[in-house]
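Encoded as C-alpha cells, the structure appears first; notes follow it.
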Amino acid sequence: MSRSSEKAARDGAGLTYGSSRGRWVLLASILGSGLAGIDATVVNVALPAIGRDLQVDFSSLQWTITAYTLTLASLILLGGALGDRYGRRRVFVIGVVWFATASLLCGLAPSAPLLVAARALQGVGGALLTPGSLAMIQASFAPQDRARAIGAWSGLGGVATAVGPFLGGWLIQVASWRWVFLINAPLAAVVVLVAQRHVPETRDRTASGHIDTLGAGLCVLGLGGVTYAIIEAPVRGVGDPLVIAAALVGLAAMAGFLLAESRERHPMLPLSIFSSRQFSAANAVTFLVYAAFGGVFFLLVVQLQVVAGFSPLAAGTAMLPVTVVMLLLSARGGQLAQRIGPRLPMSVGPLICATALVLMLRIGQGASYARDVLPAVVVLGLGLSVLVAPLTATVLAAADEHRAGVASGVNNAVARAAGLIAVAALPAVAGLSGDSYTNPVQFDSGFRIALAVAAGLLVAGAAVAAATIRNDVLVSGSDAGTTAGAGRGKGIRAAVTGSVPSHHCDIEGPPLCGDRAKEAAAASRQQRGRG
C-alpha cells in the first residue's frame with residue numbers, strides 16, 4: 001500500500017464507489033439530507049390544511065415556515081463546525097435523531113404555538129445533519145471516487161426532492177397533514193441504523209476546540225427579533241410595544257453579532273471573507289434572488305389550492321417540471337458559464353425567472369395546469385438552470401482555497417436568511433394577513449402584488465450581477481492577484497462540475513460543496529503550472 005493510500009485509510013477516506021460500504025455511506029447521506037430537503041417542500045403544501053385544522057390566522061402559517069428556517073439558517077455554519085470538531089458521523093446522527101424527534105412533536109402538536117416551537121427544534125436538527133450529509137462522503141471516499149459519489153448524491157437527492165411533494169400531497173389528501181411529519185420517524189431510524197453500522201467516523205484534526213456559541217446565539221436572536229417584528233406588525237400594528245421591542249432587540253443582536261464575529265478568534269462567520277469584492281457581490285445577488293424564490297414558493301402552493309382549486313396532490317406536484325428541467329440543463333448552464341464567464345448567465349438567469357413570475361399572473365380562479373401553470377414553471381426551470389451553477393461557482397471561486405468550505409456555508413446561510421425574511425415580509429407588503437388565506441379573492445390580489453415585488457427583486461439581482469460580477473475571477477484566490485487566461489475555463493469548471501446538487505431545486509439554498517471546489521481549484525492550479 002502506498003503512503004497516500006495508508007494515510008487515506010487512517011483518515012477513513014479510502015472507500016471506493018463500487019464497494020458495499022461505499023454504497024451504504026451514500027444511502028445514509030442521501031436519506032439523511034433528503035429528510036431535511038423533502039420537509040422543506042412538503043410543509044408548504046400542507047399549509048392550507050394546517051390552517052383549517054388548527055383554525056389559525058395567516059401569521060401562524062408564516063411562523064410554521066419561518067421557525068424552521070430561522071434556526072436552520074442561524075445554526076448551519078455552527079453545525080458544520082461541530083461535525084469537524086466532534087466527528088461528522090456523530091453530529092450527523094445526533095441531527096437525524098433530533099430532527100425525527102422534533103418531527104414527531106410537529107405531527108402530534110395540538111395547537112399552532114406548539115407546532116411552531118417543534119418546527120424551530122426541527123431546524124436545529126436540520127442544521128446539524130445538513131452539513132454532515134455531504135461532509136461524510138467527502139471525508140470517507142478515496143479522492144478518485146469522490147466526484148462520482150457526490151454526483152450520485154446529487155442525482156438521487158434530486159429524485160427524493162421530486163418525490164417529496166407528490167408523497168406529501170398524497171398523504172394530506174388521503175390521511176392528514178400530520179403524516180407529513182410523522183413519516184420522518186421510520187426513515188430516520190433507517191438512517192441512524194445505516195450510519196452507525198457502515199459510515200466511518202471522521203473529523204478535522206486541525207479544527208479548533210472552540211465553538212462560537214456566542215455568535216450562534218446572537219444570530220438566532222437577531223434574525224428572530226427582526227422576523228417577529230415583520231410578521232406581527234400587520235397583526236398588532238407597527239406601533240405595538242412588543243413589535244417595537246422585538247425589532248430593537250433583533251437589530252441590537254445583529255449589531256452585536258457583527259461585533260462579536262470581528263473580535264472572535266475562531267468566528268462562525270469570518271467577516272474578512274467579505275473583503276473579496278466578487279464574493280460580496282455574488283452573495284448580494286444570492287440574497288436578492290433567493291428572497292424572491294422563497295417568498296413566491298411560500299405563496300404559490302397556497303394560491304394553487306385556495307384560489308385555483310387544486311388538490312394538495314396537484315399543488316404538490318405542480319413544480320415538478322422545475323426539478324426536471326434543472327436535472328437536464330444545470331450542467332449545460334455550468335458549461336456555458338465555463339466558456340463565457342459568470343456575469344452574463346448571472347444577469348440573464350434572474351431576468352428569465354422574472355419572466356416566469358409574470359407568467360404566473362395567469363394562475364387564478366379556474367386556472368388550467370397545462371395552459372396557466374406549466375409554461376411558467378418551465379420558464380422558471382430554464383432561468384434557474386442558467387443561474388444557479390454560475391452563482392455557486394462564483395461564490396466558491398472568489399474565496400481563498402482554504403476558505404472554500406466556509407464560503408459555501410456562508411452562501412448557503414445567506415440564501416436561507418433571504419428566504420426567511422421574504423416569507424416574513426412579502427405577505428405584509430402584499431396585504432396578506434389574518435384569515436386572508438381562506439378568502440380566494442383577497443389572497444389572489446395579494447399574490448399578484450407579491451409576484452410583482454418578487455419580480456422586482458429578481459430584476460435588481462440581475463442589475464447587481466451585471467454591474468459587479470467580473471469574468472476574470474474564476475479560481476480560488478483570484479482576488480489576491482490571479483487573473484484570467486489559461487485558468488479561466490478550468491477554474492469555473494472546477495467549481496461547477498458536480499457542484500449543484502439537484503436536490504436543492506426546492507430553492508431552499510445553494511449546495512454545501514466547498515471541499516469539492518477546493519480540490520478542483522488545486523487541480524486547476526497544478527494544470528496551469530504544467531502549462
*In terms of the angle between their ring planes, are Phe447 and Phe443 parallel, tilted or perpendicular, with boundaries placed at 30° and 60°?*
parallel
*Kindly write out the residues that satisfy ring-ring contact (aromatic ring centres under 6.0 Å, His included) with Phe298, not counting sequence neighbours, or none if the list is empty.*
Phe58
*asked:* Could you check whether any side-chain heavy atom of Leu380 comes within less than 4.5 Å of a side-chain heavy atom of Met360, counting everything from C-beta outward?
replied: yes
_Tell me the closest heavy-atom pair linking Gly316 and Val45, and the distance in Å._
CA-CG2, 3.7 Å
_Worked check of side-chain contact (heavy atoms from CB on, under 4.5 Å) between Met254 and Leu218_ = CA-CA 7 Å; Met254 292 305 297; Leu218 287 172; over 6 Å; no
*Rounded to the nearest 0.5 Å, how far does CD of Gln303 lie from CG of Asp444?*
4.5 Å
*Using a 4.5 Å cut-off on heavy atoms from C-beta on, say whether the side chain of Leu269 contacts that of Phe257.*
yes
*If you look at every heavy atom in Ala284 and Val464, which pair is closest and at what distance?*
CB-CG1, 4.3 Å
*Taking atom CH2 of Trp179 and atom CG of Leu171, what is their separation to the nearest 0.5 Å?*
8.5 Å
*Mind running side-chain contact (heavy atoms from CB on, under 4.5 Å) on Arg416 and Thr130 for me, showing each step along the way?*
CA-CA 13 Å; Arg416 295 176 190 275; Thr130 300; 4.3 Å; yes
*For residues Leu182 and Ser103, determine if any side-chain heavy atom of one lies less than 4.5 Å from a side-chain heavy atom of the other.*
no
*Going from CG on Leu75 to CG on Leu82, what distance comes out if it is rounded to the nearest 0.5 angstrom?*
9.0 Å
*Residues in salt bridge (charged side-chain N to carboxylate O under 4.0 Å, His left out) with Arg90, at least two apart?*
none
*Does some side-chain heavy atom of Phe181 sit less than 4.5 Å from a side-chain heavy atom of Leu104?*
no
*Report the distance from atom CZ of Phe297 to atom CG of Leu300, rounding to the nearest 0.5 Å.*
7.0 Å
*What distance do Ile230 atom CD1 and Ser59 atom OG have between them, rounded to the nearest 0.5 Å?*
13.5 Å
*Closest approach of Arg371 to Gly366 (non-hydrogen atoms, all atoms of both residues)*: NH2-O, 4.1 Å
_Side-chain donor/acceptor of Arg178 to backbone N/O of Ala109, under 3.5 Å_ = yes
*Decide whether Ser436 and Gln442 meet the rule of one side-chain donor and one side-chain acceptor closer than 3.5 Å.*
no
_Would the distance check show the side chain of Asn283 and the main-chain N or O of Thr286 forming a donor-acceptor pair, the cut-off being under 3.5 Å?_
no
*Write down the atom of Leu426, the atom of Leu299, and the distance for their closest heavy-atom approach.*
CD2-CD1, 4.4 Å
*Ignoring hydrogens and geometry, is there a side-chain-to-backbone donor-acceptor pair from Gln305 to Val301 under 3.5 Å?*
yes
*asked:* Quick check: closest heavy atoms across Met326 and Val388, and the distance to 0.1 Å?
replied: CE-CG2, 3.9 Å
_Using the rule given for side-chain contact (heavy atoms from CB on, under 4.5 Å), can you reason through Glu232 versus Leu242, listing the C-alpha separation, both sets of side-chain angles and the distance that settles it, and then say yes or no?_
CA-CA 9 Å; Glu232 295 298 324; Leu242 191 58; over 6 Å; no
*More than 12 foreign heavy atoms under 6.0 Å from CZ of Phe166: is that the case here?*
no
*Show your reasoning for whether side-chain contact (heavy atoms from CB on, under 4.5 Å) applies to Thr438 and Val306.*
CA-CA 7 Å; Thr438 64; Val306 172; over 6 Å; no
*Please report the shortest heavy-atom distance between Leu105 and Ala118, naming the atom on each side.*
CB-CB, 3.8 Å
*Backbone N or O of Leu26 within a donor-acceptor pair of the Ser29 side chain at under 3.5 Å?*
no
*asked:* Working to the nearest 0.5 angstrom, can you tell me the gap between Asp212 CG and Cys219 SG?
replied: 10.0 Å
_Side chains of Val296 and Leu357, heavy atoms from C-beta outward: is any pair under 4.5 Å?_
yes
*With a 4.5 Å limit on heavy-atom distance, are the side chains of Leu374 and Val377 in contact?*
yes
_Tell me if a side-chain donor or acceptor on Arg88 pairs with a main-chain N or O of Met136 at a distance below 3.5 Å._
no
*Is a donor on one side and an acceptor on the other found under 3.5 Å between the side chain of Thr355 and the backbone of Leu351?*
yes
_Any donor-acceptor pair under 3.5 Å from Asn44 side chain to Leu47 backbone_ = no
*Does the side chain of Ser60 reach to within under 4.5 Å of the side chain of Leu54, using non-hydrogen atoms?*
no
*Got Tyr68 and Val43 here, is their nearest side-chain heavy-atom distance under 4.5 Å?*
no
*Flag, side chain of Thr71 to backbone of Ala120, donor-acceptor distance under 3.5 Å*: yes
*Listed once per pair and sorted, the side-chain hydrogen bond (donor to acceptor under 3.5 Å, both in side chains) pairs that draw on residues 219-228, sequence neighbours left out*: Tyr228-Arg236
*Is there a donor-acceptor pair under 3.5 Å between the side chain of Gln365 and the backbone N or O of Ala308?*
no
*Taking Trp170 for the side chain and Leu313 for the main chain, is one N or O donor matched with an acceptor at less than 3.5 Å?*
no
